[in-house]
Amino acid sequence: MSVASGQALHAALLRLLRRPRSSRRCFQRIHALLLTSGLTVDSFAAADLAALLPACLPPPAAFATINHIHRIRRYRFPLLFNSLISGYARSDRPNLGIAVYKTMLADGIFPDHYTFPVVLKSCIEFSGVAEAKQIHGASVKLCFASDLFVQNALVHVYAICREYDDARVLFDEMPLRDVVSWTGLISAYVKGGLYREALQLFSSMDVARNAATFVSILVACGRFGDLNGGQMVHALVLKHECGLNLVAGNALLDMYLKCESLAEAKQIFDELPERDIVSWTSFISGLVQCKQPEQAIDMFASMRASGVEPDNVTLSSVLSACASLGSLCSGRWVHEYIHRNGIKWDVHLGTALVDMYAKCGCLDIALNTFSEMPFKNVSSWNAVIGALAMHGHGREALGYFEQMVGIGMNPNEVTFLAILSACSHSGLVEEGRCSFNLMTESYNLPPWIEHYGCMVDLLGRTGLLEEAYKLIQTMPMRPDVHIWGALLGACKAHGNQDLLQEILNHLLKLEPHETGVYVLLSNAYAARGRWADVTRVRKLMRQKGIKKETGISIVEVDGEAHKFVVGELQNLQEDILVASYTLDKLLQLDDL
DNA sequence: TTAGGGTTAG
């Protein structure tokens with residue numbers, strides 16, 4: 001075979017292997033060609049192919065292929081194994097990367113300085129710190145511990161596994177650090193939620209930052225809602241010579257959205273030189289988080305119109321938009337789209353479906369969807385418990401909680417919000433008290449202000465006003481307008497005038513710019529017929545330029561959504577065909 | 001060969 005035809009064949013094989021659904025039979029033919037063509041003589045061409053094997057072959061076949069090439073060519077060096085490990089580290093089965101590493105050692109092939117970074121990447125994705133420590137030991141034994149790439153990978157893996165002290169010692173003792181050393185540690189801090197540490201490291205960098213560094217720190221700013229910090233990093237990015245690549249542009253976009261700065265996000269989005277599925281999905285999910293579900297659906301339609309098809313991540317956010325709108329027909333459309341287009345199922349998508357069906361009134365379908373989920377995480381359990389809570393099935397919600405604990409799934413703070421809300425909606429006072437205590441006593445979860453809010457609501461609804469007031473006085477944080485509002489509502493319902501006056505005094509001491517305070521005050525005065533005070537509060541609001549945001553409820557009936565303005569049902573009922581509009585948007589583009 | 005972007009529950 002000539003060199004030219006060999007190269008052409010190599011290119012053709014790579015193209016075939018890169019196809020997402022290369023069949024096994026197809027691969028066998030490729031493999032036969034590969035061996036007979038002599039291409040495996042070129043070890044780098046073979047290494048390229050080895051890295052692609054995990055994506056298209058089951059592990060035994062991939063492994064057999066490498067062994068076959070090794071036997072035929074009598075290789076005794078680790079190049080092909082490194083490639084295979086790297087392929088697995090990037091696949092959804094990174095544990096196989098570690099298996100390849102172990103087999104390689106057992107076969108008497110020594111790892112080199114390329115092996116350690118790739119096998120450590122497999123540890124990050126799969127097995128954790130115990131395996132990483134063993135690999136660290138092996139790297140020292142084989143004299144690769146002073147290699148910069150190996151050190152960078154070790155610092156990163158220890159920090160990702162939350163072994164921050166070990167990571168920091170290794171980092172501090174490095175004789176030479178490059179931008180990857182710094183960014184590797186910063187990104188691990190960000191993933192672990194150590195925002196301050198990440199920021200501190202970012203400011204003390206003594207090498208030039210690059211796009212990856214900016215991306216990691218932008219993620220941190222977004223996650224912590226630090227708009228000022230994000231804007232400062234934005235300015236640094238603009239000053240930096242590397243320019244704005246797609247990943248950095250997307251990170252900026254997402255930062256602005258997470259900080260709920262829609263105008264700046266829109267500007268970034270408009271100015272992006274190109275947009276990929278991440279740009280669109282960031283925008284869609286950002287709009288949902290900013291409580292703009294209708295705009296999110298519009299954006300989804302624009303995305304499809306531009307020729308970008310959604311994946312499982314996009315559709316999770318779209319389902320969340322449908323849930324916020326209460327739009328069952330749109331949610332069903334997404335469900336069918338997933339089936340029709342063979343979208344990859346994952347726990348996010350399943351959880352979003354459970355939530356969507358529950359919020360659109362279909363509790364039975366939500367429960368069925370949940371039971372059919374092959375893998376459930378704590379969020380999935382929270383979604384199903386929340387579903388039962390919002391439908392008033394308190395006892396069943398508690399039953400699911402027991403099941404969850406029974407299988408060894410640890411509840412988190414959100415689980416207890418769902419449980420307390422279930423107890424509140426079903427009047428289960430004693431169960432609520434027990435759950436509230438369980439949080440701290442058994443799970444070491446200090447209650448958030450929202451948990452106190454649920455408890456005040458639960459106690460207040462059943463007339464236990466004094467107990468609710470005492471609980472507020474024991475709170476470790478300052479009670480906000482929602483806490484006082486919950487007690488105020490209970491006082492009005494149970495006619496306790498003395499406590500009501502006391503609450504009004506507390507409300508007046510709260511943050512003067514808090515809109516809710518004025519609304520509560522005004523409503524409370526109105527309920528007591530003190531119209532002069534009502535006028536005084538309203539005037540004060542006008543003077544301060546405070547405008548009450550209108551609460552809205554959407555209820556879908558026979559595919560038509562009706563929007564209600566909260567608290568003013570008789571006067572301001574508006575029928576807006578939100579769901580039909582939404583569905584039309586989706587259907588228009590269905591045949592694209 | 002090592003570091004970087006979007007997802008669910010509240």
Side-chain angles (χ1 to χ4, degrees), chain A residues 47 51 78-79 82-83 85-86 89 111-121 124 144 147-157 159-160 178-188 190-191 209-219 222 245-255 257-258 276-286 288-289 310-320 323 346-356 358-359 370 373 376-387 389 411-418 420-421 448 450-451 454:
Chain A
L79 174 67
N82 292 346
S83 261
I85 295 168
S86 170
D112 61 10
H113 63 290
Y114 285 90
T115 314
F116 293 107
V118 289
V119 74
L120 285 168
K121 195 179 168 77
I124 288 174
F144 290 110
D147 180 273
L148 180 63
F149 278 70
V150 176
Q151 287 175 340
N152 284 349
L154 281 167
V155 167
H156 185 64
V157 74
I160 286 283
D178 67 0
V179 64
V180 180
S181 330
W182 289 89
T183 308
L185 189 54
I186 290 172
S187 71
V190 174
K191 286 200 175 92
R209 296 152 179 151
N210 67 10
T213 327
F214 290 125
V215 167
S216 279
I217 212 71
L218 283 168
V219 171
N245 67 19
L246 180 60
V247 176
N250 286 344
L252 261 175
L253 170 68
D254 196 59
M255 181 276 294
L257 287 161
K258 292 230 161 59
D276 65 0
I277 192 165
V278 177
S279 329
W280 287 100
T281 306
S282 289
F283 216 151
I284 291 167
S285 69
V288 178
Q289 282 157 27
D311 64 4
N312 50 334
V313 181
T314 321
L315 293 172
S316 300
S317 285
V318 175
L319 279 171
S320 180
D346 65 13
V347 69
H348 303 286
L349 210 43
T351 305
L353 266 176
V354 170
D355 185 58
M356 182 277 294
K359 287 187 176 145
F370 177 78
M373 283 172 70
K376 304 167 177 98
N377 66 11
V378 62
S379 299
S380 326
W381 284 94
N382 293 348
V384 78
I385 293 170
N412 65 13
E413 290 91 342
V414 180
T415 321
F416 282 99
L417 281 179
L420 293 175
S421 151
W448 297 342
E450 290 89 344
H451 295 99
C454 283

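Note that the coordinates shown come from a computational prediction; the quantities given were computed from them, not determined experimentally. Quick note on labels: first sequence line is chain A, next is B, and so on, each numbered from 1.
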Considering only heavy side-chain atoms of Ser285(A), the closest of dA9(B), dA3(B), dT7(B) is dT7(B)
Presence of Lys191(A) side-chain N/O under 4.0 Å of dG4(B) phosphate oxygens OP1/OP2: yes
Can you tell me the distance, in whole Å, between the CG atom of Leu154(A) and the P atom of dA3(B)? 12 Å
dA9(B) base / Ser379(A) side chain donor-acceptor hit below 3.5 Å: yes
When rounded to whole Å, the CZ to C1' distance for the pair Phe149(A) and dT1(B) reads 6 Å
Have a look at Asp178(A) and say if it touches a base, only the backbone sugar-phosphate, or nothing, with a 4.0 Å heavy-atom cut-off. nothing
Any side-chain heavy atom of Gln289(A) sitting closer than 4.5 Å to one from Leu257(A)? no
From the set dT7(B), dT8(B), dA9(B), return the single nucleotide nearest to any side-chain atom of Lys359(A). dA9(B)
Length of the CD-C1' vector between Gln151(A) and dA3(B), whole Å: 15 Å
Report the distance from atom CZ of Phe214(A) to atom P of dG4(B), rounded to the nearest whole Å. 16 Å
Using a 4.0 Å heavy-atom cut-off across all strands, classify Asp112(A) as base, sugar-phosphate, or nothing. nothing
What integer distance in Å separates Met356(A):CE from dG10(B):P? 14 Å
Heavy atoms only, 4.0 Å cut-off, all strands: where does Asn82(A) land among base, sugar-phosphate and nothing? nothing
To the closest 0.5 Å, what do you measure between OG1 (Thr281(A)) and CG (Asp311(A))? 5.5 Å
Touch check for Ser316(A), heavy atoms < 4.0 angstrom, all strands: base, sugar-phosphate only, or nothing? base
Quick one: side chain to side chain contact (heavy atoms under 4.5 Å, CB included) partners of Lys191(A), sequence neighbours excluded? Ile160(A)
Looking only at N and O atoms, is any donor in the side chain of Asn210(A) or the base of dG4(B) less than 3.5 Å from an acceptor on the other one? no
Minimum-distance nucleotide (side-chain atoms of His156(A) versus dT1(B), dA3(B), dT8(B)): dA3(B)
Relative to each other, are the rings of Phe116(A) and Phe144(A) parallel, tilted or perpendicular (30° and 60° limits)? tilted
In this structure, how many angstroms lie between the P atom of dT8(B) and the CH2 atom of Trp381(A), rounded? 21 Å
Any chance you could measure Asn152(A), atom CG, to Trp182(A), atom CH2, to the nearest 0.5 Å? 12.0 Å
Tell me if the side-chain of Thr351(A) makes a donor-acceptor pair with the base of dT8(B), cut-off 3.5 Å, by modelled atom types. yes
Using a cut-off of 4.0 Å on non-hydrogen atoms, how would the nucleic acid contact of Ile186(A) be classed: base, sugar-phosphate, or nothing? nothing
So, is Thr183(A) near the phosphate of dG4(B), with a side-chain N or O under 4.0 Å from OP1 or OP2? no
Rounded to whole Å, please give me the gap between CD1 in Ile217(A) and C1' in dG4(B). 12 Å
Return no unless some side-chain N or O of Lys258(A) is found under 4.0 Å from OP1 or OP2 of dT7(B). yes
Counting only distance, no hydrogens or angles, is the base of dG6(B) paired donor-acceptor with the side chain of Thr281(A) under 3.5 Å? yes
By ring-ring contact (aromatic ring centres under 6.0 Å, His included) - contacts of Phe149(A) (at least two apart): none
Whether Ser320(A) contacts dA9(B) is assessed here as follows: a side-chain N or O lying under 4.0 Å from the phosphate OP1 or OP2. Is that the case? yes
Classify the nucleic acid contact of Val347(A) as base, sugar-phosphate or nothing, counting any heavy atom under 4.0 Å across all strands shown. base
So what does Thr314(A) touch, heavy atoms closer than 4.0 Å: a base, only the sugar-phosphate, or nothing? base
Would you indicate what Ala212(A) reaches in the nucleic acid, counting non-hydrogen atoms under 4.0 angstrom: base, sugar-phosphate, or nothing? base
Check whether any side-chain N or O of Ser282(A) sits under 3.5 Å from a backbone N or O of Val278(A) as a donor-acceptor pair, and report yes or no. yes
Answer with base, sugar-phosphate or nothing: what part of the nucleic acid does Leu246(A) contact at a heavy-atom distance below 4.0 Å? base
Can you tell me the distance, in whole Å, between the CG atom of Leu120(A) and the P atom of dT1(B)? 16 Å
Compare the minimum distances between each of dT7(B), dA9(B), dT8(B) and the side chain of Ala383(A), then state the nucleotide with the smallest one. dA9(B)
